Structure formats: C-alpha cells, structure tokens
Amino acid sequence: MLIADGDPSMKIGVLALQGDFEEHCGCLTRLEVDAREVRLPSQLDNLDGLILPGGESTSIGKLATDYDLVEPIQKFAKSAPVWGTCGGLVFLATDVGGDQPTLGLIDMVVERNAFGRQVDSFEEDLEITGLPGGLFRGIFIRAPKVVKVGQSVSIICELKGGSIVAVRSGRFLATSFHPELTTDTRVHEYFLAMVEKALRS
Amino acid sequence: MEKGTETLKRGHAQMLKGGVIMDVVTPEHARIAEDAGACAVMALERVPADIRAHGGVARMSDPGLILQIMESVTIPVMAKCRIGHFVEAQILEAIGVDYIDESEVLTPADEQNHIEKTKFNVPFVCGCRNLGEALRRIAEGAAMIRTKGEAGTGDVVEAVRHARSVIGEIRRVSAMREDELASYAKEIGAPLELVIETSQKGRMPVVNFAAGGVATPADAALMMQLGVDGVFVGSGIFKSGNPSARAKAIVKAVTHFNDPKILAEVSQGLGEAMVGIGVSQLPEKERLADRGW
C-alpha cells in the first residue's frame, strides 16, 4: 500500500554537499518524484520539500556555512517540509553540544555518535508511530540519538531501551537511521505525504 | 539487534560519499582535517611520501597513536594494515577504528593471500587497478574500494589510469549481453555473481574512491568528474605549504566538482603544492600499486 502516490510534478531537493544524497535521489526516482541535488542557495528555488541526507555532519555543516546555505534553508523551511536522516537529523537540531553550525529547526538536544563507533553500528526492527505496514528495518551507522525534545516535538520512534530515534515537529521529520539504505520506501512516502499536505494548505 | 552486516559495512562507506578522507600523523593534523570538512581521517605514523623516503619495512602504526587520533576528532578514523596481515587487522578492530585499509602502501605480509575480511565486524577498504582486482577484493569482504594510483608521489597520472580502467570496464560490462558475462568474468578473474551485479547496477557494487597522487583541488575534481564517489588525499595536504587552506579547498572542490567557477575560486592562493615525484621517473620496483593481486 502506498502512503502517498508519487506525484511527478512534485520536486524534492536533496542537499548534496556530502553523504548519501544519491541514495535518497534513487528512492525518490523509484517513487516517480523529481529529485534535485542542492549545492547552492539558488537551487532551493521552486522545490516543494528538502531532504538532508546522512553523511558527516561536521563536513555538511561547514560546507553549508561556507556557501551561505544556512539562512536560505531556514527561510525555505518556513513553508516547506524538511526531513533529515542521521547526519541530517544532527543538522536539524537546536543543540548538538558544541559549536557545530546547525539549522535549529527542531527543538531538540542531540548526541552525536551516541551508540559508539562503527563496530557498534546495528540494524533493528522498529515500530514507527503513523507508519502503516508493520515494522521498519532501521539501519543505524555511527548514529546520533535525540536526548531531549521541546514541547512542539513528538517522538515517533524509540528503541527498546528508550533511546529516541525518530521525531516529528510540524513540517519537520528527523530519523537517526537510514531508510535510503533499504528497499523499503515507506518513510520516503510518509515524507512525501507531508509535502502533499503542505502543498494543499 | 544485528551488527557487522554487509549493509552496515557498505553503508558506512555510503556516508563518506562526496567527501575527502585525509592522511594524518598527529592529533593536531586530525583536527586541521576535521576543521577543513574532511569526512574521515586515515591515522598513520608516516604519510606515504615519507614511507617512500624512509625505506625499510612499513607496518601498521602504533595503536597508541591511532587511539590518540581517535580521541581528538569526532569524524570516523581509518587505519592501515599490511596486505594479508590479519593480526594487525584484529588489533585495529580491537581498538575500535571505524574502517581498516588493507593497503599496498605498507609492505605486504603475504604474497599469496589477502585478508579474509568477511569474518570481521569492522569494514575494510582495499585498493585496485582494474575491475577484476576490485571484484576479487569485494569477494573477500571489502566493503569499499579505492583505485590505487601511486601513493606519495603527488602525480595524479596513475590515479587517472586506474580510475579510467575501472570505470571503462564497468561501462563495457554494463553493455554486455547476459551470455557474455561468464567468459568476461573468467577473463578478468572475478566471481561471476559480482560481474553480474556490476552489469545490472552499472556501477561498482560498493563505494569507490580515488587515491594515490591527488595534490590539488583540480586533481580532486578531475577524479570526481571521471566518476569516482570521493577522494583520498595522502601526502598532498600535509606535505604542502599551507595544509589547512589546501584541505579546505580540496573539500570544496569535491562537493562542487562540476562547477569550474567555484574550482577557480578555491584554487587560488594555496601556497606551494607538494613537490612530488613524476611516476614515469620512478623505478618499477618502487611502485606501490603493483603490490596486491
């Protein structure tokens, strides 16, 4: 069952500074959505939504600052949905403990590399609130976790031990794991449904 | 909960795509690399140019030094072991490095066998000069590939040769009929199922970086335009006049590899590049790329 029908007129940007942006574009293309790589502010024009991919959040933050993308993305996000995976989740947070530049779009405190180094990376079946079709396979790679959220933020997925790994805050979605590394497109469809809703309103 | 799966090992390399991995020999270097936007660092006792100059047997670095580097940055830390030296690999896994490079830059420990890499939880990256070599390494469990180039020279010619060879062969294999793949697999000495996978995907089955001789932002962008997923820079940064500025410029050049205006901006005022050695002047027995099979 599709959560959202792929709408070919929908244009979704994927921040392509560093990380697995091609994998996100591949998922969007499979859902028959127009995927656009974003490296410069002007490339945000006419997009309906934006995905911040996984990657090294320090690299992405520095490149975004050097090419003046932080403010334009914040402005874009005033009306359009944004989803961050892993490093993208870090980039969306208000507080990541340190002086790393972030967008500050979701009121949350994030701990980077919260589960340890690469040898501690793991896969786990997840129950995600609002996602139909049963469990979702979560791929966690040197993943961050959300340690505290503000009142505007709903927690939509926790691990058994209580670690927060997915949140929703209005137009914004953040996941510690990587749906783009699986063949299951349900979280991408969930995000596209958010974009459709924003376009209608 | 599952750990050490192929998805996790290959997936970590997918997070490094579009990025620059820099060789560092001290915690201070590692912080300069992180500040410049490197997506990972390779912790070493000596950069390849110094390994060349020093001569003798080149081995895994002191684990104590690698640990100091791991403590000084939050980005992933890779380290090298000798080809076939599975105990060096066990040691590197035990201290928790994020990726192991089974590298021809160090003196090989085994002239017949590479490490059986599927047994490890930590992922491996291996060098290659052509598609057959790449797919043999993937069959042994490598989760990431880098074209070898010629490390420690600052001469990009071998990096170009190896990237063109790999990417050209991928193009050829993608255009083949299904019934031609078995004989091609035999010709290049690669497992048939990986040749089929490459043909179907039209790309290397795992992430493929370029390495060995990248010294300028233009070199890095050249490799990206040839079709690799990212770039390793070894001696090119810390053997240059202004490592910090050069490191930042190479990071930007890899992101904006298709934008000559930005490449022109970032290439300015970087001071001296590493002096380098022309590969054509290098005696054959000093070429590192011929190690590994």
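What you see is a predicted model; the values in this text were computed from it and never measured. To find a chain, count down the sequence lines: A is the first, B the second, and so on, and within it residues start at 1.
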If you tally heavy-atom pairs under 4.5 Å between each of B:Val122, B:Asn121, B:Ile75, B:Val20 and chain A, the highest tally belongs to B:Ile75
- Message: I'd like to know if B:Lys17 pairs up with A:Asp20 as an ion pair, taking the criterion as any Lys NZ or Arg NE/NH1/NH2 lying under 4.0 Å from an Asp or Glu carboxylate oxygen.
- Response: no
Check this for me, if you would: do A:Lys160 and A:Glu127 make a salt bridge, where the nitrogen-to-carboxylate-oxygen distance has to be below 4.0 angstrom? no
Under 4.5 Å to a heavy atom of chain A? For B:Ala13 that would be neither
*Find out whether A:Leu92 and A:Thr102 are in side-chain contact, i.e. whether some heavy atom of one side chain is under 4.5 Å from a heavy atom of the other.*
no
Whatever's closer than 4.5 Å to a heavy atom in chain B on A:Asp120 counts as both
From the list B:Leu16, B:Val97, B:Thr74, B:Val77, the residue making the most non-hydrogen contacts under 4.5 Å with chain A is B:Thr74
Applying a strict 4.5 Å limit to non-hydrogen atoms, the region of A:Phe140 in contact with chain B is backbone
The interface call for B:Asp259 against chain A, heavy-atom contacts under 4.5 Å, is side chain
Whatever's closer than 4.5 Å to a heavy atom in chain B on A:Leu63 counts as side chain
Original post:
With under 30° as parallel and over 60° as perpendicular, where do the rings of B:His29 and B:Phe238 fit, or are they tilted in between?
Top reply: parallel
Notebook entry, point to check: Salt-bridged, B:Glu28 to B:Arg31, with N to O below 4.0 Å?
Noted result: no
Assert top hit (heavy-atom pairs under 4.5 Å, partner chain B, pool A:Glu23, A:Glu180, A:Arg112) equals A:Glu23
Look at the rings of A:Phe191 and A:Trp83 and say which category their plane angle falls in: under 30° parallel, 30 to 60° tilted, over 60° perpendicular. tilted
The interface call for B:Val207 against chain A, heavy-atom contacts under 4.5 Å, is neither
Student check: side-chain heavy atoms of B:Leu263 and B:Lys261 closer than 4.5 Å: no
- Item | Pairing of B:Asp101 and B:Arg146 as salt bridge, 4.0 angstrom limit | yes
Within the structure provided, determine whether B:Val214 and B:Leu222 are in side-chain contact (heavy-atom separation under 4.5 Å).
no
When the 4.5 angstrom heavy-atom criterion is applied to B:Val266 and chain A, the contacting part is side chain
Honestly, the part of A:Arg39 sitting under 4.5 Å from a heavy atom of chain B is both
Ordered numerically, the heavy-atom neighbours of chain A under 4.5 Å found in residues 4-11 of chain B are B:Gly4, B:Thr5, B:Thr7, B:Leu8, B:Lys9, B:Gly11
Check your understanding: Angle class for the A:Phe122/A:Phe115 ring planes (parallel below 30°, perpendicular above 60°, tilted otherwise)?
Key -> perpendicular
Turns out that what part of A:Arg142 lies under 4.5 Å from chain B's heavy atoms comes down to side chain
Ranking A:Asp66, A:Leu17, A:Thr58 by heavy-atom pairs under 4.5 Å to chain B gives rank one to A:Leu17
| query | Between the main-chain N or O of B:Ala215 and the side-chain N or O of B:Arg246, is there a donor-acceptor pair closer than 3.5 Å? | reply | yes
In A:Thr183, A:Thr182, A:Asp125, the residue satisfying side-chain hydrogen bond (donor to acceptor under 3.5 Å, both in side chains) with A:Arg137 is A:Asp125
